Colleague: 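Could you have a look at this structure, given as structure tokens, before my questions?
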Amino acid sequence: MEPDLVHVTSPRIILHLDMDSFYASVEMRGRPELRGKPVVIGADPKQGKGRGVVATCSYEARAFGIRSAMPISQAFVLCPHAVFLPPDFPRYVKASSDVMAILKAPGLPFEQVSIDEAFLDVSSLGTFSAAADLAVRIRDTIFMDLGLTCSIGIAPTKVVAKIASDVHKPNGLTMVEPDTLVSFLAPMPVRKIPGIGKKSESELFEMGIRTIRDLAAFDIQALITRFGRSAIALQEIAAGIDRSEVKEREGVKSVSRETTFEEDTDDEQLITATMDALSEEVCRNLSDESLHCRTVTVKVRYQGFVTRTKALTLPHYTGDPTAVRRCARSLLRDIFDGRKIRLLGIRLSSFDPCDARQMTLEV
Ligand code: DCP
Ligand code: MG
């Protein structure tokens with residue numbers, strides 16, 4: 001009889017790093033007068049009448065209940081004396097690439113997932129304690145060289161490393177070794193699983209599933225009936241199983257800018273001028289990144305939130321603001337039907353693969 005084949009594989013060791021209150025921290029460094037203050041990055045609050053949202057805020061501002069994506073008017077009500085600053089995207093892109101350079105330096109498999117977070121596969125270091133040493137070195141280097149803090153999670157899988165990096169924010173280091181993986185996950189609310197948003201969370205609640213433990217133990221057939229085949233991967237994640245690997249991404253998919261009008265408008269001159277300004281800004285982002293694009297997408301949200309988009313792919317890569325502006329104007333003409341507009345946006349994508357560096361900048 002054939003002997004059983006026994007595969008002994010050592011556990012993977014994955015590191016996930018996420019910068020703390022990223023845009024706010026970049027604004028606050030080198031400005032000691034802001035230290036310790038509630039700082040909010042986002043739209044102009046206009047004494048509570050502003051219409052945009054909060055991009056992020058310092059931890060001091062979070063103590064007042066302010067959060068990312070909250071209407072800026074609400075943030076103003078929660079903390080009118082906060083320091084409100086407009087976003088300065090080129091600065092954040094530069095800071096991001098400085099952080100990513102530090103992460104890439106050890107030459108380990110690296111995957112950037114957003115402007116301020118990335119994974120490293122540190123399995124080759126052999127032990128969790130060696131991984132923790134590297135994490136401390138990375139954290140110190142980022143702090144000493146860039147004046148920014150970050151939080152790091154170390155775990156046997158990507159999902160758990162990502163959940164772990166959030167546990168002791170800011171400036172935290174959280175390690176989940178294989179023997180504590182299940183007990184680490186079990187009591188967490190299902191919402192902690194990346195990809196479970198408000199909607200899935202409430203669907204799970206309706207089924208009586210609140211914690212990751214509940215999800216891991218739930219009848220798989222009932223889960224499949226509700227969520228389809230993706231339920232299998234979801235339940236595996238709840239059980240601590242996640243085979244996804246750390247892999248270099250293609251880089252950025254798109255660069256975009258959008259703006260909400262103070263008042264819904266059908267004034268064609270204002271609409272065109274605004275689109276021109278957005279084109280110019282997004283082209284500046286493109287050139288800051290030395291990128292060239294082929295696809296221009298214009299977005300129009302009408303009163304009542306009906307949203308239309310239209311894209312055009314050019315025959316050649318371009319970074320020329322005039323070409324982008326012309327293209328955006330023509331797309332706008334195609335989708336503007338005379339109704340009042342609430343929001344305008346532009347997105348540049350299909351970047352030239354030959355461009356030196358590509359990275360995510362979602363606005
Ligand atoms: N961001 C944004 N709008 C959102 C969420 C985030 O513009 N709705 C921007 C601003 C953040 C940056 O992306 O600084 C990184 O997002 P994070 O979710 O990592 O949030 P922070 O880094 O600001 O805070 P944390 O310390 O919680 O990671
Ligand atoms: Mg962050």
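Predicted model only: the values in this text are computed from it and were never measured.
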Colleague: Please verify the inter-ring angle class for Tyr92 with Tyr23; under 30° counts as parallel, over 60° as perpendicular, anything in between as tilted.
Modeller: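 Ring orientation, 0 to 90° scale: parallel.
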Colleague: When you look at Arg191 and Glu201, which way does the salt bridge (charged side-chain N to carboxylate O under 4.0 Å, His left out) test go after all the steps?
Modeller: CA-CA 6 Å; Arg191 186 73 188 268; Glu201 182 188 39; 3.3 Å; yes
Colleague: Under the side chain to side chain contact (heavy atoms under 4.5 Å, CB included) test against Leu17, which residue among Val99, Val113, Leu120, Asp116 passes?
Modeller: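 Result for side chain to side chain contact (heavy atoms under 4.5 Å, CB included) with Leu17: Val99.
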Colleague: State whether a side-chain donor-acceptor pair under 3.5 Å links Arg51 with Thr260.
Modeller: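 Thr260 and Arg51 do not have a side-chain donor-acceptor pair below 3.5 Å.
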Colleague: Using a distance-only test with no angle check, is there a side-chain donor-acceptor pair under 3.5 angstrom linking Thr56 and Arg62?
Modeller: yes
Colleague: Between the side chains of Tyr302 and Asp337, does any donor sit under 3.5 Å from an acceptor?
Modeller: yes
Colleague: Using only heavy-atom distances, determine whether the side chains of Ser349 and Ser254 contain a donor-acceptor pair under 3.5 Å.
Modeller: no
Colleague: Is it the case that Glu117 and Ser114 place a side-chain donor and acceptor less than 3.5 Å from each other?
Modeller: yes
Colleague: Any side-chain donor paired with an acceptor under 3.5 Å for Asp214 and Thr211?
Modeller: yes
Colleague: Ignoring hydrogens and angles, state whether a donor on the side chain of Arg294 or Thr313 is under 3.5 Å from an acceptor on the partner side chain.
Modeller: no
Colleague: Side chain to side chain donor-acceptor pair (under 3.5 Å) for Arg12 and Ser123? Distances and angles first, verdict last.
Modeller: CA-CA 5 Å; Arg12 291 191 301 151; Ser123 308; 5.9 Å; no
Colleague: Any side-chain to backbone donor/acceptor pair from Ser58 onto Val39? Under 3.5 Å, distance only.
Modeller: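 Judged by distance alone, yes, a pair lies under 3.5 Å.
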Colleague: Does the side chain of Ser25 come under 3.5 Å of the side chain of Asp20 through a donor N or O and an acceptor N or O?
Modeller: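 Judged by distance alone, the side chains do not pair up.
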Colleague: Hey, what do you get for OG1 (Thr265) to CD (Gln303), rounding to the nearest 0.5 Å?
Modeller: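 Result: 10.0 Å between the selected atoms.
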Colleague: Within the 4.5 Å heavy-atom criterion, are Lys162 and Ile14 side-chain neighbours or not?
Modeller: no
Colleague: Count the heavy atoms belonging to other residues, nucleotides or ligands that lie under 6.0 Å from CD of Glu268, then report whether that count exceeds 12.
Modeller: no
Colleague: More than 12 heavy atoms of other residues, nucleotides or ligands under 6.0 Å from NZ of Lys169: is that the case?
Modeller: yes
Colleague: Does a side chain donor of either Thr318 or Asp320 reach within less than 3.5 Å of an acceptor in the other side chain?
Modeller: no
Colleague: Just one of Glu111, His16, Glu245 clears the side chain to side chain donor-acceptor pair (under 3.5 Å) bar with Lys158, so which one?
Modeller: Glu111
Colleague: Is any side-chain heavy atom of Phe22 closer than 4.5 Å to one of Ser96?
Modeller: yes
